[in-house]
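Below is one structure; the comments refer to it alone.
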Amino acid sequence: DAKTTQPTSMDCAEGRAANLPCNHSTISGNEYVYWYRQIHSQGPQYIIHGLKNNETNEMASLIITEDRKSSTLILPHATLRDTAVYYCIVRPLSSGSARQLTFGSGTQLTVLP
Amino acid sequence: NAGVTQTPKFQVLKTGQSMTLQCAQDMNHEYMSWYRQDPGMGLRLIHYSVGAGITDQGEVPNGYNVSRSTTEDFPLRLLSAAPSQTSVYFCASSREGRGTEAFFGQGTRLTVV
């Protein structure tokens, strides 16, 4: 699986957009980009995933660059409850998700009041 | 909809004791996995299963056994607990197929003294 690089920590003001970057310069053509978050050492929670097109759901938007070497997770209106560690993961298409999630250290996002 | 249920939530063991961490899912998912998370670190894969009767090792399998006799259950057995196994353990499940999200349990906090 491709290696990812994320900033160790970020702050964001409540109500503002949180933009979390991820570098995955060695991503291959058959790998998705996934984002999960972990709040207060609870079980990780799925946020969103994408292959090459931008994706949006009720939680967030995922912007993947055209060369697929980096991506940005956008939380449009961050709340205090979005304070968590955010993990960017790349994994191949061909396997069940639970089997091959490789978690790095993630980004600690702190939403400030 | 219970999702992924782990029991117990907390456990203290003495060195050398054995125990089983339980994981059950009610989503009829084919894939199930066990991860451990040490303080300040990401999750590491211990064992996984692609279906009933089929299991395989992950990144850190030593000291742990698993079995999958039913689709719903995937217990993790510690054969002879060691202080190095003090960690938070997470179970995850997902359905087969490309690009599927994983669902995680709330974790079991294990301390070995």
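In what follows, every chain begins at residue 1, and chains take the letters A, B, ... in the order their sequences are listed.
At a threshold of 4.5 Å between side-chain heavy atoms, the hydrophobic network of Ile, Leu, Val, Met, Phe, Trp and Tyr places Phe74(B) and Met19(B) in one connected group. Ile63(A) and Tyr36(A) fall into different hydrophobic clusters, defined by Ile, Leu, Val, Met, Phe, Trp and Tyr side-chain heavy atoms under 4.5 Å apart, directly or through other members. Linking Ile, Leu, Val, Met, Phe, Trp and Tyr residues whenever their side-chain heavy atoms come within less than 4.5 Å leaves Phe10(B) and Leu13(B) in two separate clusters. In the hydrophobic clustering of ILVMFWY residues, with side-chain heavy atoms under 4.5 Å counting as a link, Leu76(B) and Val60(B) come out together.
Considering all non-hydrogen atoms of both residues, Phe104(B) and Leu101(A) come closest at CZ-CD1, 3.9 Å.
With rounding to the nearest 0.5 angstrom, the CD atom of Gln42(A) is 8.5 Å from the CZ atom of Phe90(B). To the nearest 0.5 Å, atoms OH (Tyr34(A)) and CD (Glu101(B)) are separated by 8.5 Å. Note that the CG atom of Leu45(B) and the CZ atom of Phe103(A) stand 10.0 Å from one another [nearest 0.5 Å].
The salt bridge (Lys or Arg N to Asp or Glu O under 4.0 Å) search around Asp38(B) returns Arg36(B), Arg44(B), not counting sequence neighbours.
Each side chain to side chain donor-acceptor pair (under 3.5 Å) pair with one or both residues in residues 50-64 of chain A, not counting sequence neighbours, appears once here: Thr56(A)-Ser61(A).
Only the side chain of Gln37(B) comes within contact range of chain A, judged by heavy atoms closer than 4.5 Å. Contacts between Gln108(A) and chain B at a heavy-atom distance below 4.5 Å are absent for every atom of the residue.
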Using residues 67-76 of chain A as the side-chain source, report each donor-acceptor pair under 3.5 Å to any protein atom, sequence neighbours left out, with the distance given to one decimal.
residue, atom, partner, partner atom, Å
Asp67(A), OD1, Thr65(A), OG1, 2.8
Asp67(A), OD1, Lys69(A), N, 3.0
Arg68(A), NH1, Glu31(A), O, 3.1
Arg68(A), NH1, Leu51(A), O, 2.4
Arg68(A), NH2, Ser28(A), O, 2.6
Arg68(A), NH2, Glu31(A), O, 3.2
Ser71(A), OG, His24(A), NE2, 3.0

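Within a 6.0 Å radius of CZ in Arg77(B), other residues, nucleotides and ligands contribute more than 12 heavy atoms.
Contacts of residues 106-113 of chain B with chain A at a heavy-atom distance below 4.5 Å involve Gln106(B), Arg109(B), listed in sequence order.
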